[in-house]
Amino acid sequence: MDYTMEDTQNSAPDAVGESKLNSSAPRNDTQSVTKRLQAELMQLMLSPSPGISAFPDADGNLLSWTATITGPTETPYEGLTMKLSFAFPNNYPYSPPTVLFKTPIYHPNVDFSGRICLDILKDKWSAVYNVQSVLLSLQSLLGEPNNASPLNAQAAELWDSNQEEFKRHVLARHRDLDDE
Amino acid sequence: MSNSANANALSTEEMERFQKLSNEFEPDVKGPAVSVKQSSHNIALEYANADPTLAAKTSALALTHPTTRVMRGDGNCGWRAVIFGYFEILFNLRDPHRVQAESQRIKNLNGLLDRVGHQQDIYEIFVDETMDIFTQTLTAIQNGVHDESFLVEALCNENQSNAVITHFRLLTSAWMRLNPQDYQAFLSLPVDQYCSTRIETVRTEIDEVGLQALVVGIIKDAGFGVEILYLDRSEGDAVTPHPLTTATPAGATIRLLYRPGHYDLLYRPEVEVNINPMVNYQYGMTTNYAPWDQGAAHNFEISPQMMAIPNLMADPAFAMGPDPMSPMSSVSPAPASPYQPSPTHEMYPTPIQSHAPVPAVPSIPAPSPPAVQSSAPKPMMSLPSRTSDGPQIRMNPFAMKASLNRALPVTTPFKNSPYNQAHFQNQDFEPIHWEPSDSRR
């Protein structure tokens, strides 16, 4: 319910009005980041993708979001829910957000601090990627790790050699985070 | 612990530190995203002490393309150069209808974005910024503004620049995805993958295939030409031109200077400069030549064109200047060979030269004219030929092969010279009313 309230505050009327009025004035960056993130939020609300969700943190700062991914079926992560944090830079979307797994996860491309090795979050970032496409990419990364450049070498090895043992590690490391 | 076993391995802390450094690495880029127009001599100066081929080519370049605009080397320079060039031409054409037509045409290209599946609410933000530049251009033309600094500002504004570049990247990528048969053969990876990893990214430099697609898919239909001038160490005395469009119309061609990994903009001599009354005015006003120094010489953008005036110094008519204090007084008033070295040989050492003193100009035989000759600007071609024999273009010392590998054009003697009036051989510029006895016929 908090969510719906915030949504009406953050979205359309203000953003549209501003863009019309200031269309030829020098705009400031924060305004354009805000506009973009509001558009993304809107899209996530209107057409949610199964298995992923994201929302700005409750502190009212639109530059930091919390997201969740549900583990894809027929992967070691099936049935698990992972939390992630998104921190958007001031020049978003022209620089990628910093994305971290908050839920402890055992995965070849994620280290024990939750940092992720994924090219689209680094030099292959494009301004057309968004929270939704990043989350979908991460979801598919869960089922298809890139073992060529692992952050967790043991996990990469185990993924290739012993799926049973891999899944045991996944479940051992996983710990549901409390809400908030 | 096991130092012997892991002699080469780094501790976790070190690895993390390096990873952090690597993640945060930003190339050392400086300067504005788009510079003001500046003299191409600056490019020649950069190469003055470099490989002789590069020095020769850049010196010749300063004559054929006297001005340049430097793009910041931040991974978007090629994109920014083309986009800036596009808007600048549109502005300089000063046709409000054309601006509107182009604005509509680019907006209609949204269809390409839809066809490859981009979401409108995502790309709209980029398109809006491009449309804003069209609006600014139109307003400027309608208000009689002739200064393009609003365009420089727009593309130096980080947000707007990023948005517009992203817009053109997306258009280019959509064009390639929809016409893969034209590009696949030139790529080492599938078109889709090429587009998502090289074109749609935020800081990947444009390569030749991408540039071709940008020009053919997006720019060409404006009726503008695009030409790349390659500066490399290949054989020759001049940069290698490579037109990307079948036509390169004068006044509507984006000229890119390519150096490996970097693009800047280049400009041919402007017609307006040759007839600009300001220059004449300055000539009339200036009575004291002493203060002109080296630094000023480089900022004087007219010089290269002066230097290229056919037969200027060979013409006795211009040696009878009314002003005896002119530094040109060493010129023989007698008709001279078109190749006679001009008095600019009495040059001031440039800062670079001060470390490596310039030898006196060797009395070399007349060199064969380099390629610069053929690309002399139109207005100069229309000047009457003063000597019936000899080429139309009188080679000045900077175009001479033997002097090309030296550092650089010091054009001070021309700058304030009364001989400048030769530039204005039309009725409007017969200014010497105060000394009728010295009038030039």
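A note on names: the letters A, B, ... follow the listed sequences, proteins ahead of strands, and every chain is numbered from 1.
- Of the two parts of B:Tyr123, neither the backbone nor the side chain holds a non-hydrogen atom closer than 4.5 Å to a non-hydrogen atom of chain A.
- With a threshold of 4.5 angstrom between heavy atoms, B:Ala154 does not approach chain A through any atom at all.
- With respect to the salt-bridge test (charged N to carboxylate O, under 4.0 angstrom), the residues B:Asp192 and B:Arg177 qualify.
- By the 30° and 60° cut-offs, the orientation of the rings of B:Phe87 relative to B:Phe168 is perpendicular.
- Using the six-membered ring where Trp is involved, B:Phe134 and B:Tyr86 have ring planes that are perpendicular, over 60° apart on the 30 and 60° scheme.
- When each of B:Glu153, B:Glu200, B:Glu124 is scored by its heavy-atom pairs under 4.5 Å with chain A, the top score falls to B:Glu200.
- In this structure, chain B has a heavy atom under 4.5 Å from the backbone of A:Asp123, while its side chain stays farther away.
- Proximity to chain B (any heavy atom under 4.5 Å) is shown, for A:Pro96, by neither the backbone nor the side chain.
- Using a cutoff of 4.0 Å between basic side-chain nitrogens and carboxylate oxygens, B:Arg17 and B:Glu14 are not scored as salt-bridged.
- The residue among B:Ile165, B:Ile122, B:Asp121, B:Asn162 with the most heavy atom pairs within less than 4.5 Å of chain A is B:Asn162.
- Contact annotation for B:Thr197: both backbone and side-chain heavy atoms come within less than 4.5 Å of a heavy atom of chain A.
- Both the backbone and the side chain of B:Ser196 come within less than 4.5 Å of a heavy atom in chain A.
- A:Lys83 has no carboxylate O lying under 4.0 Å from a charged side-chain N of A:Asp176, or vice versa, which leaves the two without a salt bridge.
- Under the 6.0 Å distance and 45° angle rule, A:Arg168 does not count as a cation-pi partner of A:Phe166.
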